[in-house]
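Reviewing the structure listed below.
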There are 4 protein chains.
Amino acid sequence: MAVLEAAARILETRGLEALTTNAAAERAGVSIGSLYQYFPSKQALVAELARRQQAGLLAALERELQSRPPRSLADGVRRLARIAAQAQLERAALARALDQAEANQPADAELERTNRRIGALVADVLRQFAPTAAPVEVATRDVFAIVRGMTDAAGRAGEDDPAGLAARVTRAVLGLLGP
Amino acid sequence: MAVLEAAARILETRGLEALTTNAAAERAGVSIGSLYQYFPSKQALVAELARRQQAGLLAALERELQSRPPRSLADGVRRLARIAAQAQLERAALARALDQAEANQPADAELERTNRRIGALVADVLRQFAPTAAPVEVATRDVFAIVRGMTDAAGRAGEDDPAGLAARVTRAVLGLLGP
Amino acid sequence: MAVLEAAARILETRGLEALTTNAAAERAGVSIGSLYQYFPSKQALVAELARRQQAGLLAALERELQSRPPRSLADGVRRLARIAAQAQLERAALARALDQAEANQPADAELERTNRRIGALVADVLRQFAPTAAPVEVATRDVFAIVRGMTDAAGRAGEDDPAGLAARVTRAVLGLLGP
Amino acid sequence: MAVLEAAARILETRGLEALTTNAAAERAGVSIGSLYQYFPSKQALVAELARRQQAGLLAALERELQSRPPRSLADGVRRLARIAAQAQLERAALARALDQAEANQPADAELERTNRRIGALVADVLRQFAPTAAPVEVATRDVFAIVRGMTDAAGRAGEDDPAGLAARVTRAVLGLLGP
DNA sequence: GATGAATGAGAGTTCATTCAT
DNA sequence: GATGAATGAACTCTCATTCAT
C-alpha cells in the first residue's frame, strides 16, 4: 500500500510530528479522501504501520526459534537479540518513531495481540532456562526495555552493525538474568 | 519559577500532548504574555525543564561520587544506578515525558552541555575500572540506554521500588561491561 | 426503488444529518455509481422522497373527499385533519426530516406541483364553506401550518394516537376559520 | 458581540447550512481563532444565539403579563400571541433558522432553562383559565406548535403584519382550548 | 448499465506566538 | 514588565460527486 510506505518514509525522515494525514496522502500521490478510504483515522494508519513492523519481528523470531530450538539461555538470548537488533537497525528511525507512537496512542487491538505474542515467545525462552528470582513478567519487561533502549540509542547514534549491537545486548540481558 | 513547575505538573499528569503554552501559563497563574517573557518559545520552556531535571541528576551523581569514590566497577555501577533509578522513579511520568520531548526537539545547547557532563562522569567511572573492548563512548551510551530504558519501562508499569529496580539495572550493566 | 426506501429509513432512524449518498447506496445494496444513475444529485433524491410522501397524502385526501363530499366545514376539516394526522404519525420521524429538508433546499418543480395540488384541494373545501375575511391563500397556508406544526410536535413528543391529535387539530383549525 | 450579530445575519440571509464558523468569523471581521475564544464550539455559538432570542421573548412575555394580569383566556392568549408574533416576524428568517437549529442540536442547558420558563409562563395562563380535558402539558405543546408553525409559515411567506397574524393565531389557539 | 476507487473543497477546531494597551 | 485578545497556518476528517473500467 502506497500510503503506508509514504507514511513510513515520513516517519523515518522527519519524525512522528511531521506525519500528518495530508503529508502522507500527498507523498503517496493520493488524495486525502483516498487515504481515509483505506484507513478510518490517523491512529489506524499508524497502528497498522506498527502492527506490520511487529508482525515482521514476530515472524522472524518464530522462524529463528523453530529452525533450531535454543540449547541454552545464552544461545536463546543471543539469537533473539540478533533478530531484534537486525529488525530495529534496518529502518532505525522508523522503528524509533513507531515506538514513540505506540507509547502515545491507546493500543490498537490487533497490534496489542501481536505484541503479546512476541512477549509470550520471549517469556517462554526465559521460563525454560532461567528460573529467575523475579517473576517472569518483570524479567520479560526488563528484557524488552534493554533491547528497545539499546537498539533505539544505537540507531539514533547511527550505528549500523547489528552483530556488534546484538553482542552487547546479549551481554546485558544475560547479566540481568544471570547467575 | 511557577511556570516551570506548572509545566512539569501538566507533563506529569496529562502527558506531552496536553502541555500547551496557554495551559502552562494558566496553571502557573501567569499571563501567556509573561510566559513568553521568561521563555522565548515553547521549546525553550521544555528544554529548560529537561535541563533542570538533568542538572538534578548530575548533582546527585556528583554528590555520590564525591562522598566516597567507587572502590570497584560493581560498586560504582551499583551506586550510580541507584541514583538514576531514584531520580527517574521520583516523578516517573514527568521523566518519561521529558525523555520523549528530548527525542523530538533539536537539542538545546545548555541541555546538551549538562547531558555531556553526566556522560563524562559515567565515562570516568567506566574508564577507571573497565578497560572494555568497546570504546568508552559506546559503553557510556549503552549504559544510559539501559538505565533509561529500564527505568522508563518500570515507571510505565507502575513500579515504585527504586532499590529493586536499581539492582536489576546494575546486573544488566555489569553484564554488559563485565568479563 | 430500493434507494428511496433506504434513504427513508436512514432519515427515519438517524435524521437528516445522517443521510449521505454513500449511506443510502450501501443500505440499498447498490453502488454509489448506480444511485447517481437514478438520481442526478442528493437534492433530487430527497425531493423525490418528499414528493412521494406528499403524493401519498394527496391521494388519501382525494380518496376521502371523493368517497363522500363534506357536508359542512366542520365535517370537512375533521376528515382532512384525520387523514393528515394519520399520514404524519405513520412515519413521524421521516415526515419531520422531510419537512426540514424541504425548508432547506430550493423547491423541486415536481414536488412544488404536488404541494400546490394539495393546497388547491384544501382551498376548495374552505372556499365552499367558509367565506373567511382573510383571503383563501392565507387561510390555506394557516391551516397547513397548524396541521404540520401540531403533528410534528406530536410526533416529536412520541404521540401515536392519530384520532386524538386529529381532534385537537380540528378544534384549532375550526377556531381559526370559525365565526 | 460582533460574532453573534454576524452569525445572526448569515442565518437570516443564507440559512443554517451557510453558517460556518469561518463565515461567521470573516463576516464579523475577526479571525477564526478569536471566534473560538468567545465560543468553545459552533454549537455553543448557535445555542447562545438561540438563547438570546428566547430570552428576549421571555422578557417580553413577562413584561406583558406583569403590566396587566390577563382578565380572561381570550385576553391572555391574544396578548401572548401578539408578543410572539412580533418577536418572530421582527427577524423572521433568523427565527426560523434558529428553530431549525434547536431541533437539530442537543439542547444547551441554559437555553433549555429559558425555554422551560417560557413554557411555564404559558402553562400558567392556561391553567388559570382553561380547565381543559387534555393535560396542561399537551395543551402547552399544542399552543407552542400552533404559534411556531403559523409564525414560521407567515415569515416564510413574507408576511410582516404582526397584528393580523396574532389575530389568526389567537383564533386558532382559542379554538383549540375553547368550549 | 453497473461499479466503487478516487477526488478535493471545505468543515470544525487547536495552539504557538504577537503586540497594543 | 505584565496582560490577554487576537491571529492564522495547519490539523483531522467528511461527503457529494465523477469516471475509468
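Numbers restart at 1 for each chain; the letters A, B, ... are given by sequence-line order, proteins then strands.
- By the 6.0 Å contact criterion, CZ on B/R156 is enclosed, its count of non-hydrogen atoms from other residues, nucleotides or ligands being greater than 12.
- Remark: side-chain polar atoms of B/Q105 are paired, donor with acceptor, to backbone N or O of B/Q43 under 3.5 angstrom.
- Side-chain contact between B/L94 and B/Q53: present, with at least one pair of heavy atoms (C-beta onward) separated by less than 4.5 Å.
- The environment of B/R91 atom CZ is dense: over 12 non-hydrogen atoms of other residues, nucleotides or ligands sit within 6.0 angstrom.
- Stem regions annotated for DNA chain E: E:2-21 with F:2-21, counting only runs of 3 or more consecutive pairs of Watson-Crick or G-U type with both contacts under 3.5 Å.
- A close approach under 4.0 Å does not occur between any side-chain nitrogen or oxygen of B/Y38 and OP1 or OP2 of F/dG1.
- In this structure, B/Q37 reaches the F/dA2 phosphate: one of its side-chain N or O atoms is under 4.0 Å from OP1 or OP2.
- The residue D/F39 sits apart from the nucleic acid: no heavy atom pair falls under 4.0 Å.
- At whole-Å resolution of the value, CG in B/L35 and P in E/dT18 are 12 Å apart.
- A straight line from CD of B/E26 to C1' of E/dA16 spans 16 Å, rounded to a whole angstrom.
- The distance from atom CD of D/E26 to atom CD1 of D/I10, rounded to the nearest 0.5 Å, is 8.5 Å.
- No donor-acceptor distance shorter than 3.5 angstrom exists from the side chain of D/S34 to the backbone of D/V30, with no hydrogens or angles considered.
- Under a cut-off of 6.0 angstrom, the local environment of CD in A/E110 is crowded, with over 12 non-hydrogen atoms contributed by other residues, nucleotides or ligands.
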**Message:** I'd like to compare against my own output: the B/S/- annotation of nucleotides 8-14 of chain E with a strict under-4.0 Å heavy-atom distance to protein.
**Reply:** BB-SBBB
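- Atoms CG (B/L16) and C1' (E/dA16) sit 14 Å apart, rounded to a whole Å.
- The main-chain N or O of B/N115 is never found under 3.5 Å from a side-chain atom of B/Q54 such that the two would form a donor-acceptor pair.
- Closest non-hydrogen pair, D/A97 versus D/L11, comes out as CB-CG, 3.6 Å.
- The nearest whole Å value for the distance from the CD atom in B/E17 to the C1' atom in F/dC11 is 13 Å.
- The interatomic distance linking B/N104 (CG) with E/dA16 (P) rounds to 14 Å, in whole Å.
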